[in-house]
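See structure below.
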Amino acid sequence: MPKATPPDEGKDMGMVTSADGTEITFVRSGSGPPLVLVHGNADLHTFWDLAGTRSPCAEHCTVYAIDRRGRGGSGDAEEYELEREAEDVGAVVDAIDDPVTLLGHSGGALYSLENATISGQGGTMY
């Protein structure tokens, strides 16, 4: 089982800069192998709390729940491009020292799959 990057003491919010310079925020919780959660089009990272997913996963994994661009604390661009959303997922994945599992809901699944396609990296996706 891969070793996860441990969360910083007392710090659960993080931020990465995507390829186009957009800041993407995420909430990190738990410990264990890294699991990146990508919410759907009409949601925020809090979707995973409302769905009852984040806390149980955080008992076994280091969970990174992304706020997709234009939502929550993340920045946005003037025009929408699917590739930018996929690059955002990739920016979070690349900031983690270990191989990750991606879990995407609705549009989040599309952006996760697109990221795996354009990055050429395999992995576990649901």
Side-chain angles (χ1 to χ4, degrees):
M1 188 169 265
K3 182 180 161 212
T5 304
D8 296 337
E9 285 296 317
K11 185 175 183 184
D12 61 353
M13 293 295 295
M15 184 192 67
V16 296
T17 303
S18 193
D20 70 349
T22 302
E23 294 180 343
I24 304 300
T25 60
F26 58 88
V27 176
R28 182 177 46 204
S29 57
S31 63
L35 171 65
V36 176
L37 303 178
V38 187
H39 63 77
N41 292 342
D43 296 308
L44 301 168
H45 77 270
T46 55
F47 164 81
W48 301 104
D49 296 321
L50 297 172
T53 305
R54 189 165 67 115
S55 290
C57 289
E59 293 176 14
H60 308 282
C61 300
T62 302
V63 177
Y64 299 81
I66 297 175
D67 263 334
R68 288 187 27 237
R69 72 174 43 222
R71 293 159 181 85
S74 293
D76 204 357
E78 288 188 27
E79 293 185 28
Y80 172 81
E81 294 183 51
L82 182 139
E83 292 81 11
R84 300 302 76 78
E85 295 262 11
E87 289 171 354
D88 298 346
V89 173
V92 174
V93 169
D94 291 344
I96 301 169
D97 291 337
D98 298 312
V100 306
T101 299
L102 289 172
L103 174 61
H105 171 258
S106 188
L110 172 66
Y111 309 124
S112 298
L113 181 59
E114 181 69 14
N115 173 66
T117 302
I118 63 174
S119 71
Q121 296 181 5
T124 305
M125 293 192 300
Y126 299 96

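Side chains are part of it too, since the values below use all heavy atoms of this structure and drop only hydrogens, waters and symmetry mates.
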query: Under 3.5 Å, side chain of His39 to main-chain N/O of Arg68, donor-acceptor pair present?
result: yes
statement: The salt bridge (Lys or Arg N to Asp or Glu O under 4.0 Å) partners of Asp76 (sequence neighbours excluded) come to none
- request: Verify, without hydrogens or angle tests, whether Arg71 (side chain) and Arg69 (backbone) share a donor-acceptor contact under 3.5 angstrom.
  value: yes
task: Measure the shortest side-chain to side-chain distance between Val27 and Arg54 over non-hydrogen atoms and say whether it is less than 4.5 angstrom.
output: yes
task: Measure the spacing between CD1 of Ile66 and CD of Glu85 and express it to the nearest 0.5 Å.
output: 10.0 Å
message: Between Thr25 and Asp67 (side chain of the first, backbone of the second, donor and acceptor by atom type, cut-off under 3.5 Å), is there such a pair?
response: no
message: Under the salt bridge (charged side-chain N to carboxylate O under 4.0 Å, His left out) definition, can you give me all pairs with a residue in residues 33-46, not counting sequence neighbours?
response: none
- request: Answer with yes or no whether the side chains of Ser18 and Asp88 bring together a donor and an acceptor at under 3.5 Å.
  value: yes
- request: Identify the two heavy atoms, one from Pro33 and one from Cys61, that lie closest to each other, and give their separation to 0.1 Å.
  value: O-CB, 3.1 Å
- prompt: What residues form a ring-ring contact (aromatic ring centres under 6.0 Å, His included) with Tyr111, not counting sequence neighbours?
  reply: none
message: Give me the atom names and distance for the closest heavy-atom approach of Phe26 to Met15.
response: CE2-N, 3.6 Å
- prompt: When rounded to the nearest 0.5 angstrom, what distance separates CG in Asp12 from CZ in Arg28?
  reply: 8.5 Å
message: With clusters defined by side-chain heavy atoms of hydrophobic residues (ILVMFWY) lying less than 4.5 Å apart, directly or transitively, does Leu50 cluster with Leu35?
response: no
task: Compare all side-chain heavy atoms of Phe47 with those of Leu37 and state whether any distance is below 4.5 angstrom.
output: no
query: How close do Asn41 and Gly107 get, heavy atom to heavy atom, and via which atoms?
result: OD1-CA, 3.7 Å
- prompt: For Val36, which of Ile96, Asn115, Thr62 qualifies under side chain to side chain contact (heavy atoms under 4.5 Å, CB included)?
  reply: Ile96
- request: List the steps, then state whether side chain to side chain contact (heavy atoms under 4.5 Å, CB included) holds for Leu110 with Leu82.
  value: CA-CA 9 Å; Leu110 172 66; Leu82 182 139; 3.5 Å; yes
query: Arg84 and Thr22: side chain to side chain contact (heavy atoms under 4.5 Å, CB included), yes or no, with the steps?
result: CA-CA 9 Å; Arg84 300 302 76 78; Thr22 302; over 6 Å; no
query: Do Trp48 and Leu103 come within less than 4.5 Å of each other through their side chains, counting heavy atoms only?
result: yes
- request: First locate atom OG of Ser112, then atom CG of Leu102, and finally report the distance between them rounded to the nearest 0.5 Å.
  value: 4.5 Å
